[in-house]
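Working notes, structure below.
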Amino acid sequence: MFAEYLTRGVKAGLVAGLVFGLFMAVVANPLVAYADELNHAAVEESGHGHEAESAHSHDSEGAHSHETDGAHSHDSGDSHAGEGGGHHDTAVSMAVTKAVSVAAGGLWGVVLGGAFFGVAFFFLEPAIPGPDATRSYLMGLAGFVTVSGAPWLVLPPAAPGAEQSLSVATRLPLYAGMMLAGALACLSAGYAYARLRESSGLVAAVVGAVVPFGLLAAVAVVAPENAVHGALSPTLETGLAGLFAFGQLLLWLVLAAAHAQFRSSGESESATPIAGRDAAPAAD
């Protein structure tokens, strides 16, 4: 039975990963490349500005004009000769980049699907409230909170080329710690809901399930602050952060939907429903 859960999770992860990889290749990567070009242009403009001022104060106007005309007449033929090859190389590079993005997205989806909807779902399914499809979506929500939502409370997505005040050696354990805190918040929310649903009703159960996430936000408040500075405009930085968040939400949503579909199909083809393992045994 564990193999069935793992297989179903991997299949759902492959579907979601390919969708996420296509999203990255078609939508996210071009915008990230554009932002990266803006960063490089800002750096080069700053550096060239200082060099130009120095060169202008030492070189004469006549020498500058002579060298410019000579370089222009000498290099013009070379630029046209290499234009065709440059376009071909760029097209090949873009195709390879897109293929790598799709493959990487598929692999990432398989890892998440196997870990969350294979292993974790096998053990946690009896404790997850709601119908079968609802359980898949709640598992997807818990996965998003654990992997992305909770860490982003402390380390939100940063634009390409942005400088961060915390070092990598500090950010990595901080990210891992917030992932652990996110997982504990999800488990605590599920436990509180189950206990209060039986004793105090639906409203109290929902309130009790929300409390752990409030504590998670409190943990983020006391965490070290990571100041981010970049050359991009605030509008573009906000757009990139929103794009990253949307990509992760898309990944987990498709993962949950695919898992619910595969689970429903598997149960309809099986004489004994898989969810029946947590049902009460039949009377003799």
Side-chain angles (χ1 to χ4, degrees), residues 11-49 78-113 116 140-141 143-166 168 171-172 175 179 226-258:
K11 288 166 59 178
L14 181 59
V15 173
L18 291 178
V19 172
F20 176 70
L22 287 172
F23 169 79
M24 292 296 297
V26 176
V27 179
N29 285 351
L31 185 57
V32 171
Y34 172 72
D36 195 42
E37 289 178 1
L38 290 180
N39 275 318
H40 284 298
V43 173
E44 290 178 358
E45 183 179 356
S46 176
H48 288 170
D78 293 340
S79 63
H80 290 291
E83 185 176 357
H87 284 300
H88 176 72
D89 292 341
T90 301
V92 172
S93 177
M94 292 178 60
V96 171
T97 301
K98 291 182 178 181
V100 170
S101 296
V102 174
L107 180 60
W108 179 233
V110 167
V111 171
L112 294 179
F116 281 87
L141 178 60
F144 172 78
V145 171
T146 300
V147 177
S148 299
W152 284 351
L153 293 175
V154 177
L155 300 171
E163 297 180 358
Q164 305 184 50
S165 60
L166 296 180
V168 176
R171 296 200 304 268
L172 288 179
Y175 199 100
M179 285 181 62
N226 182 44
V228 179
H229 303 282
L232 303 179
S233 65
T235 302
L236 184 55
E237 289 182 352
T238 303
L240 285 170
L243 184 68
F244 297 150
F246 176 80
Q248 290 300 309
L249 284 171
L250 176 68
L251 171 64
W252 286 103
L253 179 61
V254 176
L255 183 53

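Counting only heavy atoms from C-beta outward, the side chains of F144 and L249 approach each other to under 4.5 Å. Residues L112 and W252 are in side-chain contact: their nearest non-hydrogen atoms beyond the backbone lie under 4.5 Å apart.
The two residues A25 and S101 make their nearest non-hydrogen contact at CB-CB, 4.0 Å. Among all heavy-atom pairs drawn from Q248 and S148, the shortest one is OE1-OG, 3.3 Å. The two residues T146 and P151 make their nearest non-hydrogen contact at O-CD, 3.6 Å. W152 and Y175 make their closest contact through NE1-OH, 4.0 Å (heavy atoms, listed as atom of the first residue, atom of the second, distance). The shortest non-hydrogen separation linking P156 to V154 is CD-O, 3.4 Å. What you find for P157 and F244 is that their closest heavy atoms are CB-CD1, 3.5 Å.
Under the side-chain contact (heavy atoms from CB on, under 4.5 Å) criterion, N226 pairs with L155, Q164, S165, L166, R171, V228, sequence neighbours left out. For L232, the side-chain contact (heavy atoms from CB on, under 4.5 Å) partners are A35, L38, N39, A159, L236, E237, L240, not counting sequence neighbours.
Each of L251, L18, V102, L243 was compared with F23 under the side-chain contact (heavy atoms from CB on, under 4.5 Å) criterion, and only L243 meets it.
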